[in-house]
Amino acid sequence: MFFSVFMAAMTGSAFAHGVGYSLSELPALSLEFTYSDGAPMAYAEAKVYSPTDEKIAFQSGRTDEKGRFAFTPDSDGDWKVVVADDEGHKVQVPVPYTLSGGEDSALSPTVPLSSRPAGKFVGSVAGVSVLFNIAAATLLYRRKRA
Amino acid sequence: MHVSDGVLSPQILAAGWAVTVAGSAIGLKKLNPDRVVPVAVFSSTFFLASLVHITIGPSSTHLTLAALTGLALGWSAFPALLVALFLQSIFFQFGGLAALGPNCMNVAVPAVLIGLCFRRAKGEYSPLRYSVRAFIAGALGVLLTSLMVSVELGLSDYGLVKTAKILFLTHLPVAVIEGIITAVVVDFLRRVAPDLLMGVEKV
């Protein structure tokens, strides 16, 4: 009797009710999500997909108040982080990850880990200019035909 | 309220594109090419209005001024908004390109409806009533758009009630703000540049 209880306790968490913790040796990866106006995507739903399973999320949670979300990849390959809020904004970040190459190569520098829109001023001027050019071209075309 | 790519279901995407293409075709057909400058003016206004951000709680939203576009351009609001949204997507990464169809539908349908309902009685009202009508039009535009986005997200498995509640609540203050802006702008244009409100259709 004593022996079987002892064995149960030894076989790990499935039987044990006690929980413990230790500092993970694996480096965590933290991403920051923002709206195009720079505001953080606070408390947005975040899902991480491992290289081996594209259907079931490896981790699911929410970004923090500042739009940050961290996860701990435990294998090499193409990871994917998808963050979406309740209003139809969604962003998908591919994260090619190499664990074995040491700390520096944990994140390859070519990863598109930042995609922020171009300057607003330039965009505004360019956009309005396109619109009025369309109008001008239409009027010019009309004149020529007349 | 620019919906990103990969959010809406394929059916909604298809429906959005169908409505947008049809609406834009009608808008272009009705458009008098000599009146293309007002179209560019309101298209630009809409294009830039999205940069005016209003932060309410955790939600980030912005002006649309779609109702103003509808009041001024009628059916031609469709192509005007389509081009402006395309440019927003290119220059500001607002909304996905695949979702451009539904995104355009979401602002252009309310714009055209408001144009049809509120444009008729030009000059028949006192300035005050004219402004009140413009206020209602502006506010209604925002609410109709948020309703359409809610329904689409709901039909795309996004939890309709929750989304609708959030979108509606956060856009209530925006509706009031847009109502005021629409009223002020319409009143200003009526006095200063009535030409811009004359419509752009072929006669």
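Keep in mind that the numbers below use all heavy atoms, side chains included, and drop hydrogens, waters and symmetry copies. Computed from a predicted model, the values in this text were never measured in an experiment. A, B, ... follow the sequence lines: proteins, then strands. Residue 1 opens every chain.
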Report task. Might you point out which heavy atoms bring B:His2 and A:His89 nearest each other, and give the distance in Å? Result -> O-CD2, 3.4 Å
Query - Region of A:Val130 that comes under 4.5 Å of a non-hydrogen atom in chain B - result: side chain
Query raised in the report: At what distance, to the nearest 0.5 angstrom, does CG of B:Leu87 lie from CD1 of A:Ile134?
Result: 6.5 Å
Report summary line: Assert top hit (heavy-atom pairs under 4.5 Å, partner chain B, pool A:Ala126, A:Ala44, A:Gly127) equals A:Gly127
Query raised in the report: Quick one: what part of B:Phe94 sits under 4.5 Å from any heavy atom of chain A, side chain, backbone, both or neither?
Result: side chain
Query raised in the report: Any chance CG of A:Leu140 has more than 12 other-residue heavy atoms, nucleotides or ligands included, within less than 6.0 Å?
Result: yes
Report summary line: Taken to the nearest 0.5 Å, the spacing of B:Phe92 CZ from A:Ser124 OG works out to 4.0 Å
Report summary line: Interface check, chain A: of B:Asp5, B:Leu48, B:Asp34, most non-hydrogen pairs under 4.5 Å belong to B:Asp34
Query raised in the report: What is the minimum heavy-atom distance between A:Val128 and B:Ser44, and which atoms define it?
Result: CG1-OG, 3.9 Å
Query raised in the report: Take atom CZ in A:Phe132; do more than 12 heavy atoms of anything else shown fall under 6.0 Å from it?
Result: yes
Query raised in the report: B:Ser4 and A:Lys90: which non-hydrogen atoms are nearest, and at how many Å?
Result: OG-N, 2.8 Å
